[in-house]
Amino acid sequence: MTSGLRYIPSYFDRTAQEALVATLEKALLQAPFYTPVMPRSGRPFTVRMSNLGELGWVSDRAGYRYQAQHPETGAPWPQIPDMVMELWRKVSDYAHEPEACLVNYYREGAKMGLHRDEDEEDFSAPVVSLSLGDTAIFRIGGLERAGKTETLKLASGDVLVMGGASRLRYHGIDRVLAGTSTLLRSGGRINLTLRRVTRP
Ligand code: SIN
Ligand code: MN
């Protein structure tokens, strides 16, 4: 693996994953999943989204941005759970707190096209991502969209850190393998992506 990419399988065990899902379910009552749309075209994402933390990543016809309120309810995002803040402190190797935790929900057939996380001001902070529920086929390339790519299976409880030379690599989700986990009551996969947005 290229430098700055760190894959930590089974970071959270089943008991910890269940506790986290219970916390997330409460937060999601406050900030329900919604379906974002692509800039300009207005085409809906196949992934449903919500956010936790001071800032949430949103996409609509006007573009991609971070904002402090849920786009449909207008309410501030719920706080990032302690377990997840603790994860950031343990693996980020970055002195400041994350400001955003994107919550992606993949139901059967959902995927995420190849993209870079580049809406943040400080690329010295890594992107820390946690998978819950069904296993996903994660695709990662290089710094150019057209470059060579490889795949990695992300299972429930796995953590992936994209920092350093890997911070701006293209990545996406090819597909989710339905029925590979019993963690989420309604099946599918939740991905939490932690990011520092502003320069400290
Ligand atoms: C993302 O890049 O926003 C999501 C990646 C994932 O679902 O693992
Ligand atoms: Mn991403």
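Ligands are counted one by one from 1 in listed order, and the atoms in each one are counted from 1 as well. Note that this is a predicted model, so its numbers are computed, not measured.
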Task: Point-to-point distance, once rounded to the nearest 0.5 Å, from CD1 of I173 to CG of N191 - done: 6.5 Å
TODO: Indicate yes or no: does D122 engage R196 in a salt bridge with an N to O separation below 4.0 Å.
DONE: no
Open item on the list: Salt bridge or not between E120 and R167? Use side-chain N to carboxylate O under 4.0 Å.
Closed with: yes
Task: Any N/O pair D117/ligand 1 closer than 3.5 Å - done: no
- [ ] Give the atom name of whichever N/O/S atom in H171 sits closest to the Mn ion (ligand 2).
- [x] NE2
- [ ] Report yes if some heavy atom in the side chain of I80 is under 4.5 Å from a heavy atom in the side chain of L194; otherwise report no.
- [x] yes
- [ ] Tell me which N, O or S atom of H115 sits nearest to the Mn ion (ligand 2).
- [x] NE2
Open item on the list: Testing the basics here: between S10 and D158, what is the closest heavy-atom pair and its distance to 0.1 Å?
Closed with: N-OD1, 2.8 Å
Open item on the list: What I want to know is whether S131 and ligand 1 share at least one N or O pair that is separated by under 3.5 angstrom.
Closed with: no
Task: Which atom of D117 approaches the Mn ion (ligand 2) most closely (N/O/S) - done: OD1
- [ ] Among all protein heavy atoms, pick out the one at the shortest distance from atom 8 (O) of ligand 1; state its residue, atom name and that distance to 0.1 Å.
- [x] R189 NH2, 2.8 Å
TODO: Evaluate the side chain to side chain donor-acceptor pair (under 3.5 Å) criterion for residues T193 and R195: first the C-alpha distance (whole Å), next the side-chain angles of each, then the deciding distance (0.1 Å), finally the verdict.
DONE: CA-CA 7 Å; T193 297; R195 306 190 191 104; 4.8 Å; no
Task: Which of the ligand 1 atoms, numbered from 1, are nearer than 4.0 Å to a heavy atom of N191 - done: 4 (C), 5 (C), 6 (C), 7 (O), 8 (O)
Open item on the list: Under 4.0 Å from a heavy atom of H171: which atoms of ligand 1 are those, numbered in the order shown and with their elements?
Closed with: 2 (O)
Open item on the list: Students should be able to answer this: which protein heavy-atom is nearest to atom 7 (O) of ligand 1, and at what distance?
Closed with: Y106 OH, 2.5 Å
Task: Ring-face cation contact, Y170 with R145, 6.0 Å cut, 45° max - done: no
Open item on the list: How far is atom 3 (O) of ligand 1 from the closest protein heavy atom, and which atom is that?
Closed with: N104 ND2, 3.4 Å
